[in-house]
Amino acid sequence: MLRETLFVFAALAVLASATEVQPCENGAPLVTDGVQITVSGCDKPTCLLRQGTTINIQAKFTPERAIQSLVNDVSALLFNVPLPFVGVDGTNACENIYNAEGSKTGCPMQPGVEYTYKNSFDVLPIYPRVALTVRYALREGNDRIICFELPSKITK
């Protein structure tokens, strides 16, 4: 009984820390069932991104097929114009892949195995204080493996 109670408590703690995100638009793949996104300091939109801070992103997911390589595809949609997040967009995402035990595994990734993607980006002091949508995707070639959008606001 104690074991089951601890399991339920652990499951609730994990669910409580997840961030509410929205699926990508324009026919891009949705965040699939079983994908859990966590953005530091944000449980639900609109997320406040303070200038001069670092935002941590985690995504737990289980690929449906083998993944050989992943690239970060991260942009800020400002007035529907995608502006790449410098230092994150276009970089190798395989360097940020961990197994369920927390060890760095990278790519390739096997189908049916749970992985955690961990990364961060800086909210630079020079960024304007505006409302925007962060579009965060991991892609292999032209295929988005994970894609979500997060309404946000850059603040002082």
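Just so you know, these numbers come straight off a predicted model, no measurement behind them.
- To the nearest 0.5 Å, atom CG of residue N119 and atom CD1 of residue I97 are 9.5 Å apart.
- Between the side chain of E140 and the main chain of S69, a donor-acceptor pair closer than 3.5 Å is present.
- You'll find the side chain of R144 reaches within 4.5 Å of the side chain of D73, heavy atoms only.
- Between E20 and P45 the shortest side-chain heavy-atom distance falls below 4.5 Å.
- Remark: K118 NZ to N56 CG distance equals 10.5 Å, nearest 0.5 Å.
- L150 is not listed as a side-chain neighbour of Y136, based on a closest heavy-atom distance of 4.5 Å or more.
- The number of heavy atoms from other shown groups lying within 6.0 Å of CZ (R50) does not exceed 12.
- For the atom pair OG1 of T19 and CZ of F148, the computed distance is 8.0 Å after rounding to the nearest 0.5 Å.
- The distance from atom CD of Q22 to atom CD1 of I37, rounded to the nearest 0.5 Å, is 13.0 Å.
- Both L124 and I57 are part of a single hydrophobic cluster, where members link through side-chain heavy atoms under 4.5 Å apart.
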Note to self: Could you walk me through whether R65 and D143 satisfy the side-chain contact (heavy atoms from CB on, under 4.5 Å) test, starting with their C-alpha distance in whole Å, then the side-chain angles of each, then the deciding distance to 0.1 Å, before giving a yes or no?
What the structure shows: CA-CA 12 Å; R65 62 176 176 80; D143 295 332; 3.7 Å; yes
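- Taking each heavy atom of S152 and V134 in turn, the nearest pair found is OG-CG2, 3.8 Å.
- Side-chain atoms of P63 and Y115, non-hydrogen and from C-beta on, do get closer than 4.5 Å to each other.
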Next item on the list: Could you walk me through whether I154 and V123 pass side-chain contact (heavy atoms from CB on, under 4.5 Å), step by step?
Entry: CA-CA 8 Å; I154 297 177; V123 181; 4.1 Å; yes
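- Heavy atoms only, all atoms of each residue included: K153 and T46 are closest at N-CG2, 3.8 Å.
- Residues L77 and R135 come closest through the heavy atom pair CD1-NH2, 3.3 Å.
- Inspection of the T105 and N99 side chains reveals no N or O donor paired with an N or O acceptor under 3.5 Å.
- Between the side chain of E114 and the backbone N or O of K60, no donor-acceptor pair lies under 3.5 Å.
- In this structure, I55 is a member of the same hydrophobic cluster as Y127, with clusters built from ILVMFWY side-chain heavy atoms closer than 4.5 Å.
- Within the structure, ring-ring contact (aromatic ring centres under 6.0 Å, His included) pairs that include any residue of residues 66-85 comprise F85-F121 (at least two apart or interchain).
- Here the closest heavy-atom approach between residue C107 and residue Q68 is recorded as CB-O, 3.3 Å.
- A single hydrophobic cluster is not seen to contain both V113 and Y98; linkage of ILVMFWY side chains at heavy-atom distances under 4.5 Å, directly or through other members, places them apart.
- Taking CG of L49 as the start and CG of L132 as the end, the distance is 6.5 Å to the nearest 0.5 Å.
- Residues I145 and L70 are in side-chain contact: their nearest non-hydrogen atoms beyond the backbone lie under 4.5 Å apart.
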Just distance, no hydrogens or angles: give the donor-acceptor pairs under 3.5 Å from side chains in residues 88-95, sequence neighbours left out.
from : atom 1 : to  : atom 2 : distance (Å)
D89  : OD1    : V74 : N      : 2.9
T91  : OG1    : N72 : ND2    : 2.8
T91  : OG1    : V88 : O      : 2.6
N92  : OD1    : C94 : N      : 2.8

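- Taken from CD in Q58 to OG in S40, the straight-line distance is 9.5 Å, to the nearest 0.5 Å.
- Checked against salt bridge (Lys or Arg N to Asp or Glu O under 4.0 Å), R129 has no partners two or more places apart in sequence or in another chain.
- V39 and L48 fall into different hydrophobic clusters, where Ile, Leu, Val, Met, Phe, Trp and Tyr side chains are chained together by heavy-atom contacts under 4.5 Å.
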